[in-house]
Amino acid sequence: MPNHPVPSRRLFLAAAGLTAAGARAADPPLAPPDRQPPDLVLPEVPHRQARWAVVGLGKLALEEILPAFARGRLSRPTALVSGHPDKARRVAAAYGIDPRHLYSYDTYDRLREDVEVDVVYVVLPNSMHAEYTVRALRAGKHVLCEKPMATTAAECRDMIGAARDTGRELMVAYRLRYEPFNQAVIRMCREKAVGGLRTFSASNCQVTPAPNIRLSRALGGGPVQDVGIYCINAARYVTGEEPTEVTAMEHRPRDVPRFREVPASVTFQLRFPSGVLAHCECGFDAAESRRFRVTGTDGFIDLDPAFSYRGLRLTVGRPSGREQVQLAEVNHFAAEMDHLSDCVLNGKHPRTPGAEGLADVRVIAAVEAAARTGRSVPLPPADPA
Ligand code: NDP
């Protein structure tokens, strides 16, 4: 029997520097303090989104634009405008749009009271772009208008004036300015990756059977308006210049009824101030081709296809060989819609405003005049709109 008392367990643990749970007194506490750390990082906050009305539920709206909302981050469809209520109801149900936000062309101006709409996307026949853009701007909405912006330069100026008067953004839907392949070509040309630019050639052709809005003069159709505009816009964005002179030829086959109002094929040339010459072809009666080539003093850049919705291919050719440039593809429509949403949500101005659309419409008018008269048409610098 020991002649001193046996130490209790508590005294033993204390002597060993341990607590009952087995931790040392100097160990940090396991339970967190009841306060937030100073370097607290929140998970990504969901983006604010601009709310869009899509006007005209035709092929482009149904096959490309409405599905593209799911591919973007800053844009969501909240209203539809259509001349066909049954179709509009079906489309609204498919995209979760409240049927209270469906409009016809007659009730279009009621968009003014619709607080669930920030932006109106005009996807109508070309002859209707000006009227529906101006009405949307006057209803206090921002507008994305499909190309070509309108049928005349005077209409474009009215649209630009309406945007200025109402303080709303007006963007023309040049989707290629928002996708990486065409952007890369622009960058290469500015950096003189193939030397000084000398020529630009482009082809945008397809077979367009009747009936189609593109074959109707009254609806603003025609190959230059519909597909040639891509060649014009690309010639302007790769050179960064405005053309000063235009020549053109067109073919109107008398024996083909679908070409009684618009030409089947048009070729045209543009002269730029630096000396770059562009030659372009477009048409509604030739196998699909959607390409351009920029030729410089040290090589060339091919984008083929250049104007399609997907699958663009970029090749740089130099005397030493050809190299294909790999880039990640984006959805063109999601990219352009998100660009305008970002502008609207954050007080910025779009990269392709009304002035861009006006510049192309002036060239289209010059191409038509040159083809009609067989003469070269000078293009003086544009007046400020
Ligand atoms: P569609 O003919 O397929 O659709 C046009 C829609 O406009 C119709 O479905 C209809 O919608 C509405 N509409 C209203 N009035 C008329 C009318 N009098 N005649 C015909 N349609 C009318 O054309 P697209 O969708 O191919 O083209 C629409 C616009 O988009 C054009 O400006 C075109 O240049 C542009 N576009 C742009 C492209 C791009 O890549 N950026 C590609 C293709 C087209 P509803 O029945 O709902 O009233």
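In this text the structure is predicted, and so the values were computed from the model without any measurement. Values below: all heavy atoms of this structure, side chains included; hydrogens, waters and symmetry mates excluded. Read the numbers this way: they start at 1 and go in the same order the structure lists the ligands and their atoms.
At a 3.5 angstrom cut-off on N or O pairs, Leu219 does not count as close to ligand 1.
With Tyr132 as the aromatic partner, Arg135 meets the cation-pi criteria of under 6.0 angstrom to the ring centre and within 45 degrees of the ring axis. At least one test fails for Arg76 against the ring of Phe69: distance under 6.0 Å to the centre or angle within 45° of the axis.
A continuous path of ILVMFWY side-chain contacts below 4.5 Å connects Ile232 to Leu358, so both sit in one hydrophobic cluster.
Ligand 1 places these atoms under 4.0 Å from at least one heavy atom of Tyr230: 38 (C), 39 (C), 40 (O), 41 (N). Contact atoms of ligand 1 toward His129: 32 (O) (distance under 4.0 Å to a heavy atom of the residue). Less than 4.0 angstrom separates some heavy atom of Gly83 from each of these atoms of ligand 1: 45 (P), 47 (O), 48 (O). Counting the atoms of ligand 1 from 1 in the order shown, those under 4.0 Å from a heavy atom of Tyr309 are 40 (O), 42 (C), 43 (C). Proximity to Arg175 (heavy-atom distance under 4.0 Å) selects the following atoms of ligand 1: 39 (C), 40 (O), 41 (N). Close approach to Ser82 involves these atoms of ligand 1, each under 4.0 Å from a residue heavy atom: 45 (P), 46 (O), 47 (O), 48 (O).
In this structure, the protein non-hydrogen atom closest to atom 11 (O) of ligand 1 is Leu57 N, 3.3 Å. Remark: minimum distance from atom 26 (O) of ligand 1 to any protein heavy atom is reached at Arg214 NH2, 2.8 Å. The nearest protein atom to atom 2 (O) of ligand 1, hydrogens excluded, is given as Ile213 CG2, 3.5 Å; this is a heavy-atom distance. Protein heavy atom in closest approach to atom 4 (O) of ligand 1: Gly58 CA, 3.2 Å. Protein heavy atom nearest atom 33 (C) of ligand 1, with residue, atom name and distance: Lys147 O, 3.8 Å. Protein heavy atom closest to atom 28 (C) of ligand 1, with residue, atom name and distance, is Val123 O, 3.4 Å. In terms of protein heavy-atom proximity, atom 14 (C) of ligand 1 is nearest to Tyr105 OH, 3.5 Å. Looking at atom 3 (O) of ligand 1, its nearest protein heavy atom turns out to be Lys59 N, 2.8 Å.
With hydrogens and angles left out, the side-chain atoms of Asn126 and Thr151 include no donor and acceptor closer than 3.5 Å. In the model, Ser274 has a side-chain atom that pairs as donor or acceptor with a side-chain atom of Glu241 under 3.5 Å. For the 3.5 Å distance criterion, the side chains of Glu281 and Ser203 qualify, holding a donor opposite an acceptor. Residues Glu336 and Tyr121 bring a donor and an acceptor atom of their side chains to less than 3.5 Å of each other.
In this structure, Met128 has a heavy atom closer than 4.0 Å to ligand 1. For Gln225, the heavy-atom gap to ligand 1 stays at 4.0 angstrom or more. Distances shorter than 4.0 angstrom do not occur between any heavy atom of Glu64 and any atom of ligand 1. For the pair Tyr121 and ligand 1, no heavy-atom separation below 4.0 Å is found. Not a single heavy atom of Tyr174 sits closer than 4.0 Å to an atom of ligand 1.
The minimum heavy-atom distance between Val246 and Ala366, with the atom names listed, is CG2-CB, 3.9 Å.
Between the side chain of Arg236 and the main chain of Ala359, no donor-acceptor pair closer than 3.5 Å is present. A donor-acceptor pair is defined here as one N or O able to donate and one able to accept, closer than 3.5 Å; no such pair exists between the side chain of Arg168 and the backbone of Ala163.
A salt bridge links Arg271 and Glu245; the closest N-O separation between the charged side-chain nitrogens and carboxylate oxygens is under 4.0 Å.
Taking 4.5 Å as the limit, every side-chain heavy atom of Thr295 sits out of range of all side-chain heavy atoms of Phe200.
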When you look at Ser82 and Tyr105, which way does the side-chain hydrogen bond (donor to acceptor under 3.5 Å, both in side chains) test go after all the steps? CA-CA 7 Å; Ser82 172; Tyr105 302 111; 5.1 Å; no
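Of the candidates Ala88, Ser216, Pro125, it is Pro125 that places a heavy atom closest to atom 22 (C) of ligand 1.
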